[in-house]
Amino acid sequence: MTTHKADKIIACITAIPSGMVASYGQIAELAGIARGHRVVAKFLKQDNSVSDLPWHRVIRADGKLGFPIGSRMFLQQMTQLKVEGVVAKNNRIDMKRYAWQPTLDFILFHPDL
DNA sequence: CTGATGACTATAG
DNA sequence: CCTATAGCCATCA
C-alpha cells in the first residue's frame with residue numbers, strides 16, 4: 001500500500017516505545033484518520049512487508065490481540081510483547097498500565113498528524 | 001460511482 | 001463471559 005495515509009500509520013506505529021502498546025483506534029487518530037481503526041487493521045493485514053515495524057505493539061482497545069487466542073500469530077505477538085516487558089493475564093493486556101500516551105513533543109513534531 | 005473488505009469498537013442483551 | 005449489530009473509513013476491483 002503506497003498511499004499517503006500508510007506513511008503516517010507507519011510513522012505512528014514506529015513511534016510506540018518498547019514496553020508499551022497502542023490500540024488500532026489510537027494509531028488511526030494519531031495518523032489523522034478519525035475513527036479509522038479499521039483502516040489501520042486493513043493496513044496491517046496487507047502490508048506485512050515493512051521491516052522493523054513494531055506491529056506487535058498494536059492491539060485491541062479492550063486489551064486483547066487481533067488474532068484468535070492460541071493461533072500462531074497470537075503466540076508470536078504475545079512472546080514478543082513479553083520480551084519487551086508487556087505481560088498479559090488471561091490473554092489480556094492491562095491497557096491502563098501499558099497503553100502508550102503520546103507525549104506533547106511527539107504530536108508537535110508531527111503537525112500534519 | 002458502487003460495493004466489498006478489514007489483525008476494529010461501542011453498545012445491548 | 002459471550003454473541004449480535006450497527007457504525008466506521010481508506011482503499012480497491
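Scope of the values below: all heavy atoms of this structure, side chains included, with no hydrogens, waters or symmetry mates. So you know, we letter chains A, B, ... as the sequences are listed, proteins then strands, and number each from 1.
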Visitor: Can you measure from CD1 (A:Ile33) to CD1 (A:Ile9) and round to the nearest 0.5 angstrom?
Guide: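 If we round to the nearest 0.5 Å, A:Ile33:CD1 and A:Ile9:CD1 are 4.0 Å apart.
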Visitor: Rounded to the nearest angstrom, tell me the gap between atom NZ in A:Lys42 and atom P in C:dC9.
Guide: 16 Å
Visitor: Please report the distance, rounded to the nearest Å, between CG in A:Asp47 and C1' in C:dC12.
Guide: 13 Å
Visitor: Just to confirm, is there a sub-4.0 Å distance from OP1 or OP2 of C:dC2 to any side-chain nitrogen or oxygen of A:Lys64?
Guide: yes
Visitor: Could you pull out all residues at least two apart from A:Ile69 that satisfy side chain to side chain contact (heavy atoms under 4.5 Å, CB included)?
Guide: A:Phe74, A:Asn91
Visitor: Considering only heavy atoms, which members of residues 88-99 of chain A lie under 4.0 Å from some atom of DNA chain B?
Guide: none
Visitor: I want to verify a distance call: between B:dA7, C:dC2, C:dA10, whose nearest atom is closest to the A:Leu44 side chain?
Guide: B:dA7
Visitor: So with a 6.0 Å cut-off around CG of A:Asn90, is the heavy-atom count from everything else above 12?
Guide: no
Visitor: Which residues pass the side chain to side chain contact (heavy atoms under 4.5 Å, CB included) test with A:Gln76, sequence neighbours left out?
Guide: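 Checked A:Gln76 against side chain to side chain contact (heavy atoms under 4.5 Å, CB included); matches are A:Trp55, A:Arg72, A:Met73.
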Visitor: Rounding to an integer number of angstrom, what distance separates B:dT11 and C:dC9 when you compare their P atoms?
Guide: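 Between the two P atoms, the distance is 16 Å.
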Visitor: Whole angstrom is fine here: how far is it from NZ in A:Lys8 over to P in C:dT11?
Guide: 10 Å
Visitor: Would you kindly give the CD-to-C1' distance between A:Glu29 and C:dC8, to the nearest whole Å?
Guide: 12 Å
Visitor: Provide, to the nearest angstrom, the distance between the CZ atom belonging to A:Phe43 and the C1' atom belonging to B:dA7.
Guide: 12 Å
Visitor: Rounded to the nearest 0.5 Å, what's the gap from NE2 on A:His56 to OG on A:Ser18? Could you check?
Guide: 6.5 Å
Visitor: Base, backbone or nothing for each nucleotide of nucleotides 8-13 of chain B, written B, S, -, heavy atoms under 4.0 angstrom, 5' to 3'?
Guide: BS----
Visitor: Roughly, in whole Å, what's the span from NE2 in A:His4 to P in C:dT11?
Guide: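 Interatomic distance, NE2 of A:His4 to P of C:dT11: 9 Å.
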Visitor: Between B:dA12 and C:dC8, how far is it from one P atom to the other, in whole Å?
Guide: 15 Å
Visitor: Would a hydrophobic clustering, with Ile, Leu, Val, Met, Phe, Trp and Tyr connected at side-chain separations under 4.5 Å, put A:Leu81 with A:Val87?
Guide: yes
Visitor: Whole-Å distance between B:dA7 P and A:Ile9 CD1?
Guide: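 Going from A:Ile9 (CD1) to B:dA7 (P), I get 14 Å.
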Visitor: If I take atom CD1 in residue A:Ile69 and atom P in nucleotide B:dA7, what distance separates them, rounded to the nearest angstrom?
Guide: 16 Å
Visitor: Applying side chain to side chain contact (heavy atoms under 4.5 Å, CB included), can you list everything that pairs with A:Ala88, at least two apart in sequence or on another chain?
Guide: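 If we apply the side chain to side chain contact (heavy atoms under 4.5 Å, CB included) test to A:Ala88, skipping adjacent residues, the hits are A:Met78, A:Ile93.
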Visitor: Describe the nucleic acid contact of A:Ala34 in one word from base, sugar-phosphate, nothing, applying a heavy-atom distance below 4.0 Å.
Guide: sugar-phosphate
Visitor: For residues 85-96 of chain A, which residue pairs pass the salt bridge (charged side-chain N to carboxylate O under 4.0 Å, His left out) check, not counting sequence neighbours?
Guide: none
Visitor: Supply the atom-to-atom distance A:Asp52 CG to A:Ile10 CD1, rounded to the nearest 0.5 angstrom.
Guide: 11.5 Å
